[in-house]
Amino acid sequence: MLTTPWISRLVALLLLLAVMAAAYVFIADPLVAAYSETDDAIDNTRVYLRHVERLGATRPELAKQMAELDRRHVAQGYYLSGGTDALAAVALQDRLKQIIDANGGTLRSIHPLAGMDEQGFRRVTVRVQMTGAIESLFRTVYSLEAGMPLVFIENIAIQNRTAPRTSTTTDDSELTREPILTVGFDLYGYLP
């Protein structure tokens, strides 16, 4: 076949180049690519670490601001007073009784429900049943909404019954019927 020395050397040289190219493609190139990816990952991690360190440096200042906000919110009376569910429920019941009486309603029943944790706060709930005219209900709900601490009403049920009432019109003998509402609802607020 190819017996000339130059051709044999050329074939040997080509085989050597083919082996070197295969070694580069199958061994060296994947290693270089892996090292390059690792270097990129290290650089990205360093950037992320510097970012986290900058954020960590602001933590004491943010903690101080959060403590100040918590202090202001407690001082402003957004939360129910009392350290336990029972004390907070009693304070909520007293406040509600005063508001209902002041606005012409009648408190029929009130009892506390079991407290529950919600997103870092303790929810204190009382179930209320009252009677009163529409205006009395309106003023009671407004007083609760506008007052402090912040309270919320849910599960409200209103039933209507009418009661005779003398009218203040020019004809005193005429009777009008003003609706008396029976209202049930859950009133709740939060302990910090």
*Charged N to carboxylate O below 4.0 Å: is that the case for Arg123 and Asp117?*
no

*Are any non-hydrogen side-chain atoms of Pro149 and Arg95 less than 4.5 angstrom apart?*
yes

*asked:* Under 4.5 Å between side-chain heavy atoms, counting indirect links through other Ile/Leu/Val/Met/Phe/Trp/Tyr residues: same cluster for Leu14 and Trp6 or not?
replied: no

*Quick one: hydrophobic cluster around Leu55, which other residues, with the 4.5 Å side-chain cut-off, linked directly or via members?*
none

_Point-to-point distance, once rounded to the nearest 0.5 Å, from CD of Gln129 to CZ of Arg127_ = 10.5 Å

*Going by side-chain heavy atoms closer than 4.5 Å, which hydrophobic residues are tied to Leu80, directly or by a chain of links?*
Leu92, Leu96, Ile99, Ile100, Leu107, Ile110, Val124, Val126, Val128, Met130, Ile134, Leu137, Val141, Leu144, Val151, Ile153, Ile156, Ile158, Leu181, Val183, Phe185, Leu187, Leu191

*Should the ring pair Tyr142 and Phe138 be called parallel, tilted or perpendicular, given that the plane angle runs from 0 to 90° and is split at 30 and 60?*
parallel

*Thr45 side-chain N/O to Ala41 backbone N/O, donor-acceptor pair under 3.5 Å*: yes

*Side chains of Arg54 and Arg50: does their closest heavy-atom pair fall under 4.5 Å?*
yes

*Flag if over 12 foreign heavy atoms under 6.0 Å of CD, Glu135*: yes

*Hey, is NE2 on His111 packed in by over 12 heavy atoms from elsewhere, all under 6.0 Å?*
yes

*Kindly compute the distance separating CG (Asp186) from CZ (Phe152), expressed to the nearest 0.5 Å.*
14.0 Å

*Non-hydrogen atoms of Gly56 and Pro60 that approach each other most closely*: O-CD, 3.7 Å

*So do Gln65 and Leu62 actually touch side chain to side chain, heavy atoms under 4.5 Å?*
yes

*asked:* If I take atom CD1 from residue Ile180 and atom OG from residue Ser136, how far apart are they, to the nearest 0.5 angstrom?
replied: 8.5 Å

*Should Arg122 and Tyr190 count as side-chain neighbours, where that means a heavy-atom distance under 4.5 Å?*
no

*Point-to-point distance, once rounded to the nearest 0.5 Å, from OG1 of Thr58 to CD of Glu53*: 12.5 Å

*Could you list the residues that satisfy side-chain hydrogen bond (donor to acceptor under 3.5 Å, both in side chains) with Arg108, not counting sequence neighbours?*
none

*Minimal non-hydrogen separation, Pro179 against Asn160, with atom names*: CB-OD1, 3.2 Å

*asked:* Can you tell me how far apart CG (Asp40) and OH (Tyr35) are? Round to the nearest 0.5 Å.
replied: 15.0 Å

